[in-house]
*Asks:* 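Please see the structure below; I have some questions.
We use all heavy atoms of the structure for the numbers below, so side chains are in, but hydrogens, waters and symmetry mates are not.
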Protein chains: 2
Amino acid sequence: MIEEEVLSSKDDLLKLDRQLCFALYSGARGIIRMYRPILEKLDITYPQYLVLLVLWEYGQMNVRDMGEKLFLDSGTLTPLLKRMERQGIVLRERSIKDERTVLISLTDKGRMLKEEALSIPLQLANNLDIDRKEYETLMVALKRLIAKMNL
Amino acid sequence: MIEEEVLSSKDDLLKLDRQLCFALYSGARGIIRMYRPILEKLDITYPQYLVLLVLWEYGQMNVRDMGEKLFLDSGTLTPLLKRMERQGIVLRERSIKDERTVLISLTDKGRMLKEEALSIPLQLANNLDIDRKEYETLMVALKRLIAKMNL
DNA sequence: AGCAAAAATATTGTACACAATTATATGGAG
DNA sequence: CTCCATATAATTGTGTACAATATTTTTGCT
């Protein structure tokens with residue numbers, strides 16, 4: 001009996017239930033799923049929402065800096081930003097100072113979306129039924145983890 | 001001064017730094033990025049690794065049950081499992097009892113991969129430099145959150 | 001038995017992610 | 001001033017995610 005437990009303990013490390021990464025992975029997908037119906041009303045996806053968050057907070061920015069904020073590369077951002085440009089919520093223009101860079105900025109439509117977005121954080125918090133303390137605890141733990149990764 | 005702070009507090013809710021979802025999203029991607037070089041040696045991706053974890057733990061299973069374990073639908077799983085079949089690590093066969101279902105099982109190659117995978121959890125824990133306690137705390141918090149989502 | 005509804009998987013189409021490569025522009029060494 | 005290493009985006013190719021739809025099989029009902 002005891003031997004059996006000892007023997008099985010190595011296998012336990014591979015149980016799905018014990019995987020921190022799977023908890024993160026499914027947690028992220030789950031919460032993005034909760035954003036979906038809300039963001040659909042603004043006709044944007046979650047990664048597009050992240051781009052807007054950055055632009056609302058910092059204003060005009062080139063692709064590289066945007067990528068540093070979101071941990072995304074040009075392979076992901078270029079087509080994503082082109083879609084947002086087609087929808088008329090951002091502008092993409094080559095910098096005159098440095099023709100290598102492309103500056104991303106908000107259109108009036110993009111700026112106006114912020115008004116509609118102001119209520120989103122609260123909606124999410126309500127839907128998740130999470131209190132301020134639990135929120136902060138999880139946030140701190142996640143940031144400690146992220147800090148340890150070589151992003 | 002005070003007014004300004006009050007006025008800006010609403011905006012703060014939209015700051016990237018305050019988004020639990022972004023922390024989850026980038027944390028998940030960051031940790032999957034740490035798995036990549038390790039899983040590359042086994043010639044599998046992270047979602048494929050999850051499929052193997054399920055099969056190693058539970059044995060043969062149909063697509064629906066696999067999807068319930070991983071929160072993935074057939075639209076994602078079917079092509080993923082076909083790729084794994086081409087690589088010779090799983091078998092896909094229509095059930096005789098119920099021709100609607102497709103049973104997924106491990107090949108010898110798939111079973112043998114488990115031996116190589118046994119060291120992965122420890123490698124990850126080391127690379128992340130996370131201790132048992134912090135690990136458990138984060139795990140509990142994440143599971144509480146996931147339980148509140150309607151997956 | 002016969003048939004409509006439900007169940008399981010597959011397919012189609014869109015949108016990320018990301019590695020690897022390409023194309024263009026800049027800046028500095030000689 | 002020229003050339004070359006570096007920097008920045010874009011492109012290409014592969015692999016997920018997921019909504020919506022289609023296909024096939026089973027089940028429940030009369």
Side-chain angles (χ1 to χ4, degrees), chain A residues 21-22 24-37 39-40 43-51 61-68 70-87 89-90 92-104 150-151, chain B residues 21-22 24-37 39-40 43-52 61-68 70-87 89-90 92-104 151:
Chain A
C21 187
F22 178 62
L24 273 170
Y25 164 78
S26 44
R29 284 170 44 230
I31 200 168
I32 288 174
R33 182 170 311 162
M34 299 183 69
Y35 270 92
R36 214 181 313 275
L39 296 180
E40 228 161 47
D43 199 28
I44 56 177
T45 63
Y46 184 72
Q48 291 169 11
Y49 176 63
L50 293 179
V51 166
M61 177 174 302
N62 67 30
V63 175
R64 191 184 70 87
D65 291 342
M66 178 70 72
E68 248 165 48
L70 301 180
F71 309 115
L72 292 171
D73 66 8
S74 71
T76 301
L77 284 175
T78 296
L80 192 159
L81 292 169
K82 281 184 176 176
R83 281 187 287 273
M84 294 179 79
E85 186 185 34
R86 269 205 304 277
Q87 293 182 242
I89 52 189
V90 304
R92 299 168 59 247
E93 41 191 350
R94 287 273 162 195
S95 164
I96 300 170
K97 311 266 289 184
D98 183 345
E99 294 258 358
R100 287 172 303 183
T101 67
V102 169
L103 297 174
I104 311 300
N150 348 310
L151 297 175
Chain B
C21 187
F22 178 62
L24 274 170
Y25 164 78
S26 43
R29 284 170 45 230
I31 201 167
I32 288 175
R33 183 170 311 161
M34 300 184 68
Y35 271 91
R36 216 181 312 274
L39 296 180
E40 229 162 46
D43 199 30
I44 56 176
T45 65
Y46 184 72
Q48 291 169 10
Y49 176 62
L50 293 179
V51 167
L52 288 179
M61 176 175 302
N62 66 30
V63 175
R64 191 183 71 85
D65 291 342
M66 177 71 71
E68 249 165 47
L70 301 180
F71 309 115
L72 291 171
D73 66 7
S74 72
T76 300
L77 284 174
T78 296
L80 191 159
L81 293 168
K82 281 185 176 176
R83 281 187 286 272
M84 294 179 79
E85 185 185 34
R86 269 204 304 276
Q87 294 182 240
I89 50 188
V90 303
R92 299 169 59 248
E93 44 192 349
R94 288 272 162 197
S95 164
I96 300 170
K97 311 265 291 186
D98 182 343
E99 295 258 358
R100 287 172 303 181
T101 68
V102 169
L103 297 175
I104 311 300
L151 297 177

*Asks:* If only side-chain N and O atoms of B:R33 are considered, is one of them under 4.0 Å from the OP1 or OP2 phosphate oxygen of C:dC18?
*Replies:*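 For B:R33, the contact criterion (side-chain N or O under 4.0 Å from OP1 or OP2 of C:dC18) is met.
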*Asks:* Quickly work out the B:I104 CD1 to C:dA8 C1' distance and round it to whole Å.
*Replies:*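 Atom-to-atom, B:I104 to C:dA8, this comes out as 12 Å.
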*Asks:* Return the value, rounded to whole Å, for the distance between atom CG of B:L77 and atom P of D:dG15.
*Replies:*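 The distance from CG of B:L77 to P of D:dG15 comes to 16 Å, rounded to the nearest Å.
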*Asks:* Check every atom of C:dT9, D:dC18, C:dC18 against the side chain of A:T76 and return the nucleotide holding the closest atom.
*Replies:*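 Between C:dT9, D:dC18, C:dC18, the one nearest the side chain of A:T76 would be C:dC18.
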*Asks:* Looking only at side-chain N and O atoms, does A:R83 come under 4.0 Å of OP1 or OP2 in C:dT14?
*Replies:*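 Looking at the OP1 and OP2 atoms of C:dT14, neither is under 4.0 Å from any side-chain N or O of A:R83.
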*Asks:* Below 4.0 angstrom from OP1 or OP2 of D:dT8, is there any side-chain N or O of A:N62?
*Replies:*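 Answer is no, no contact under 4.0 Å.
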*Asks:* If you compare every side-chain N and O of A:K82 against the phosphate oxygens of D:dT11 (OP1, OP2), does one of them come in below 4.0 Å?
*Replies:*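 The answer is yes; a side-chain N or O of A:K82 sits under 4.0 Å from OP1 or OP2.
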*Asks:* If I take atom OH in residue B:Y46 and atom P in nucleotide C:dA19, what distance separates them, rounded to the nearest angstrom?
*Replies:*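 It is 17 Å, rounded to the nearest whole Å.
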*Asks:* Please report, rounded to the nearest Å, how far the C1' atom of D:dT8 is from the CZ atom of A:R92.
*Replies:*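 To the nearest whole Å, that distance equals 13 Å.
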*Asks:* Starting from P on D:dT27, measure out to CZ on B:R100 and report it in whole angstrom.
*Replies:*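 Rounded to the whole Å, the gap is 6 Å.
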*Asks:* Charged N to carboxylate O below 4.0 Å: is that the case for A:R92 and A:E85?
*Replies:*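 Yes, this pair counts.
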*Asks:* Check every atom of D:dC18, C:dA10, D:dT16 against the side chain of B:V102 and return the nucleotide holding the closest atom.
*Replies:*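 Nucleotide nearest to B:V102's side chain: C:dA10.
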*Asks:* Name the closest nucleotide to the A:Y25 side chain, picking from D:dA17, C:dC16, D:dA9.
*Replies:*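 Among D:dA17, C:dC16, D:dA9, the one nearest the side chain of A:Y25 is D:dA17.
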*Asks:* Measure from the side chain of B:T101, starting at C-beta and using heavy atoms only, and say which of D:dA17, C:dA19, C:dA8 lies closest.
*Replies:*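 Out of D:dA17, C:dA19, C:dA8, the nucleotide with an atom closest to B:T101's side chain is C:dA8.
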*Asks:* So for A:S74 and D:dA10, does any side-chain atom that can act as donor or acceptor lie under 3.5 Å from a complementary atom in the base?
*Replies:*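 Indeed, a donor on one side and an acceptor on the other fall under 3.5 Å apart.
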*Asks:* Nearest-Å distance, CG (B:L50) to C1' (D:dT16)?
*Replies:*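 Nearest whole value for this atom pair: 12 Å.
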*Asks:* In whole angstrom, what separates B:I96's CD1 from D:dT24's P?
*Replies:*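 Nearest whole value for this atom pair: 20 Å.
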*Asks:* Rounded to the nearest angstrom, tell me the gap between atom CG in B:L80 and atom C1' in C:dT11.
*Replies:*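 It is 16 Å, rounded to the nearest whole Å.
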*Asks:* If you find the nucleotide of DNA chain D closest to B:D73 and the one closest to B:Q87, which residue's nucleotide is nearer the 5' end?
*Replies:*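 Result: B:Q87.
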*Asks:* Considering only side-chain heavy atoms of A:Q48, which listed nucleotide, C:dA15, C:dC18, C:dA25, is closest?
*Replies:*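 Closest nucleotide among those given: C:dA15.
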*Asks:* Touch check for B:T45, heavy atoms < 4.0 angstrom, all strands: base, sugar-phosphate only, or nothing?
*Replies:*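 Sugar-phosphate, no base atom in range.
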*Asks:* Quick one, A:E68 with A:R64, criterion salt bridge (charged side-chain N to carboxylate O under 4.0 Å, His left out). Give me CA distance, side-chain angles, the key distance, then yes/no.
*Replies:* CA-CA 6 Å; A:E68 248 165 48; A:R64 191 184 70 87; 3.0 Å; yes
*Asks:* Has A:R94 got a side-chain N or O lying under 4.0 Å from the OP1 or OP2 atom of D:dT8?
*Replies:*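 For D:dT8, neither OP1 nor OP2 has a side-chain N or O of A:R94 closer than 4.0 Å.
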